[in-house]
Structures are given as C-alpha cells and as structure tokens.
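A short write-up of the structure that comes next.
The chains referred to below are lettered A, B, ... by the order of the sequence lines, with proteins before strands, and numbering in each begins at 1. Predicted model, so just to flag it, every value in this text is computed and none were measured.
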Amino acid sequence: MPELPEVETTRRRLLPLLLGRRILALDHGDPKRYRHTEKARGKRVEGLSRRGKFLLLELSEGLEAVIHLGMTGGFRLERTPHTRLVFRLDQGALFFHDPRRFGRIWVVERGDYREIPLLTRLGPEPLSEDFRFPTFWEELRRSAKPLKALLLEQRLAAGVGNIYADEALFRARLSPFLKGKEVEKEEAKRLFLALKAVLAEAVALGGSTLSDRSYQQPDGLPGGFQERHAVYGRAGLPCPACGTPIAKDVVAGRGTHFCPRCQPQRPRPRSKR
DNA sequence: AGGTCTACCTGAGGGC
DNA sequence: TGCCCTCAGGTAGACC
C-alpha cells in the first residue's frame with residue numbers, strides 16, 4: 001500500500017521522466033475518478049512534490065495535477081491489464097496502473113484544494129522541520145482515540161498508513177490500543193522518534209513491496225523495506241526482539257500487528273515503592 | 001467525541 | 001481442479 005515512503009520513492013523515480021515534459025493529454029474513460037484532466041492538455045511539467053500520500057505535479061499556466069495512489073495505484077512504463085489512465089507526453093508515455101481503482105487524480109488551479117479536503121487537513125510532514133514534538137505531544141494527549149487510529153488520521157503526521165503505523169508503534173514499544181491521553185511524555189517522545197526513524201529508513205530502502213507486488217516502481221523495481229518489517233504481516237511469527245508470537249487484532253477497523261510482550265496493553269506498570 | 005459499519009474495488013488465498 | 005468465501009486497505013460518510 002503506498003504510504004509516505006512508497007509515494008516518495010515514486011516521486012523520485014518519476015521526476016526525471018516528467019520534469020520539463022509537455023503533457024499531450026491524459027487519456028482515460030473515468031471522469032468520476034480522474035477529474036478535470038482536460039485542463040492538463042498541452043501543459044508543461046514544472047515540478048513534482050509530495051504532501052503526505054499525495055503527489056503534486058506542478059504544471060505550467062498555474063495548474064496542478066494532484067494524484068493519490070489509493071491502495072494499489074502506481075506508474076508503469078508500459079501498458080498493463082490494469083492501466084486506468086495514460087499520461088501521453090511529448091516524449092513517450094506513462095501508464096497509471098490501479099487494479100482496485102482507489103486511486104484519484106484531480107487537475108486544479110495550483111493550491112485550490114476545495115475538491116480534496118483531506119489535503120488541507122494534513123498534519124506536518126514527519127521528515128521535515130515542521131514536525132515538532134511539542135505540537136505532536138499536545139495533539140496526542142488531547143485525544144481519547146487509540147494510538148493506531150491517531151496515526152492513521154494524517155493529523156499527527158502526514159503520510160502514515162497501516163504498515164508504518166504498526167512498525168512505528170512496535171519500535172516505540174507502545175500498544176496500538178493505548179489512548180492518546182494515556183500516553184506519558186516519554187512514551188510520546190519515543191513514538192515521535194520512532195515515526196521519523198521508520199519512515200526515513202523505509203524511504204532510504206525504496207519503500208515496502210508486499211508479496212502481491214501491488215507496489216513497485218515504474219521500472220518494476222521492488223522496495224527493500226519489507227524485509228525489515230518487525231510486525232506487519234508477521235502474525236504468529238516470532239517477535240524479532242523477544243520471540244513472542246506477533247499478534248494480530250483489529251483497531252480502528254484495520255488489521256493491526258503487534259508484539260503482546262514488547263507492546264503491553266497498559267502503559268508501563270510503574271514499579272511501586 | 002469516539003466507535004463501528006459500509007461502500008468503493010478486485011486479486012489473492014484459504015477451505016472444501 | 002474448481003468454486004465460493006473472505007480478506008486486504010485509504011478514505012468518506014452514515015449512524016449509534
């Protein structure tokens with residue numbers, strides 16, 4: 001599932017293919033999912049950035065193409081059976097592949113995100129200077145929601161999805177069930193640092209490619225972070241830290257993996273006396 | 001306010 | 001072998 005590291009890797013690989021190119025047209029037959037794409041016709045690609053899980057393609061004449069990969073979206077150099085949209089360029093083409101069709105594209109006036117409310121509600125970029133512990137801690141302690149739900153909301157940090165939420169909680173040794181307001185400052189600090197570390201490491205390895213290979217780069221290259229997963233997709237397998245079998249449960253409606261021993265359900269029982 | 005459920009999609013994998 | 005069922009998850013929205 002494309003989360004921050006996968007989207008960032010996609011951005012880096014697409015950059016040389018798109019920068020300076022002119023878009024001849026975006027071809028598709030699905031105007032509900034791919035909005036106002038006619039506006040991109042004839043525009044030049046001036047930049048490619050990322051915000052959370054959104055790719056932002058800066059176009060000439062003050063336009064912007066906003067792309068969300070959904071669960072299975074990605075770019076390919078050749079047409080696939082699940083190509084949903086084609087970027088026809090002055091030199092070559094790029095194929096938007098998306099078996100489950102959860103991906104979305106909007107062409108808008110630059111910065112006009114009225115049709116994309118989530119994009120305006122995103123919290124800070126966890127790998128940027130904007131990600132600051134005091135704000136993180138203030139938001140965390142105000143909420144009665146479980147940590148897993150908070151991480152998926154995109155408010156504490158933009159771009160975290162199911163895989164990296166589970167991996168960050170494991171690294172911070174915090175239960176996904178623990179409520180924000182039950183977290184102590186030291187624990188919050190661990191989570192803050194774990195998020196940065198796990199995301200940075202995953203970006204450095206090109207993200208995670210799962211066994212269904214739904215996520216890969218345009219040239220077919222897989223990511224390398226899946227081999228570092230400590231808990232995600234490892235239910236029943238031994239915890240890399242203590243050997244206890246990894247548990248799987250549902251939190252916030254999502255499959256959630258954790259080590260019942262390293263991530264106890266209650267905050268660290270403070271030793272009395 | 002938080003929790004839970006459903007919908008949107010389709011391929012993969014388990015069970016029989 | 002083959003069919004049926006369930007699951008997976010990013011996000012929105014309904015409802016308790």
Exercise. Walking along DNA chain C from 5' to 3', note the first and the last nucleotide with an atom under 4.0 Å from a heavy atom of chain A, and give both.
Key: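 Both ends considered, the range comes out as dA8(C) to dA12(C).
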Exercise. Whole angstrom is fine here: how far is it from NZ in Lys179(A) over to P in dA1(B)?
Key: 16 Å
Practice problem: Send over the distance from Arg155(A) CZ to dA1(B) C1', rounded to a whole Å. | Solution: 16 Å
Exercise. Please check if the side chain of Lys148(A) supplies one atom and the backbone of Pro146(A) the other of a donor-acceptor pair under 3.5 Å.
Key: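 No, the answer is negative, given that no donor and acceptor are paired below the 3.5 Å cut-off.
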Could you tell me whether [X] contacts a base, only the sugar-phosphate backbone, or nothing, with contacts defined as non-hydrogen atoms closer than 4.0 Å?
{"X": "Arg142(A)", "answer": "nothing"}
{"X": "Pro81(A)", "answer": "nothing"}
{"X": "Lys248(A)", "answer": "sugar-phosphate"}
{"X": "Tyr232(A)", "answer": "sugar-phosphate"}

Exercise. Pull out every stem in DNA chain B, meaning runs of 3 or more consecutive Watson-Crick or G-U wobble pairs with both distances under 3.5 Å.
Key: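 As far as DNA chain B goes, consecutive pairing (with distances under 3.5 Å) yields the stems B:2-16 with C:2-16.
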Quiz item: OP1 or OP2 of dA1(B) less than 4.0 angstrom from a side-chain nitrogen or oxygen of Ser143(A), does that happen here?
Solution: no
Quiz item: Where along nucleotides 4-10 of chain B does protein come under 4.0 Å, by heavy atom, of base (B) or sugar-phosphate alone (S), with - for untouched nucleotides?
Solution: ----BBB
Taking only residues two or more places apart in sequence, or in another chain, which ones meet [X] in a side-chain hydrogen bond (donor to acceptor under 3.5 Å, both in side chains)?
{"X": "Ser175(A)", "result": "none"}
{"X": "Arg132(A)", "result": "none"}
{"X": "Arg101(A)", "result": "none"}
{"X": "Glu78(A)", "result": "none"}

Quiz prompt | Arg171(A): salt bridge (charged side-chain N to carboxylate O under 4.0 Å, His left out) partners, not counting sequence neighbours | solution = Glu201(A)
Practice problem: Sequence neighbours left out, what passes salt bridge (charged side-chain N to carboxylate O under 4.0 Å, His left out) with Arg11(A)? Give chain and number order. | Solution: Glu8(A)
Quiz item: What ring-ring contact (aromatic ring centres under 6.0 Å, His included) pairs are there with at least one residue in residues 38-64 of chain A, not counting sequence neighbours?
Solution: Phe54(A)-His68(A)
Quiz item: Restricting to pairs with a member in residues 110-129 of chain A, which pass ring-ring contact (aromatic ring centres under 6.0 Å, His included), not counting sequence neighbours?
Solution: none
Quiz prompt | Whether over 12 other heavy atoms sit under 6.0 Å from Glu38(A) CD | solution = yes
Exercise. Among Ile, Leu, Val, Met, Phe, Trp and Tyr joined by side-chain contacts under 4.5 Å, find the other residues sharing a cluster with Val86(A) and list them by chain and number.
Key: Phe95(A)
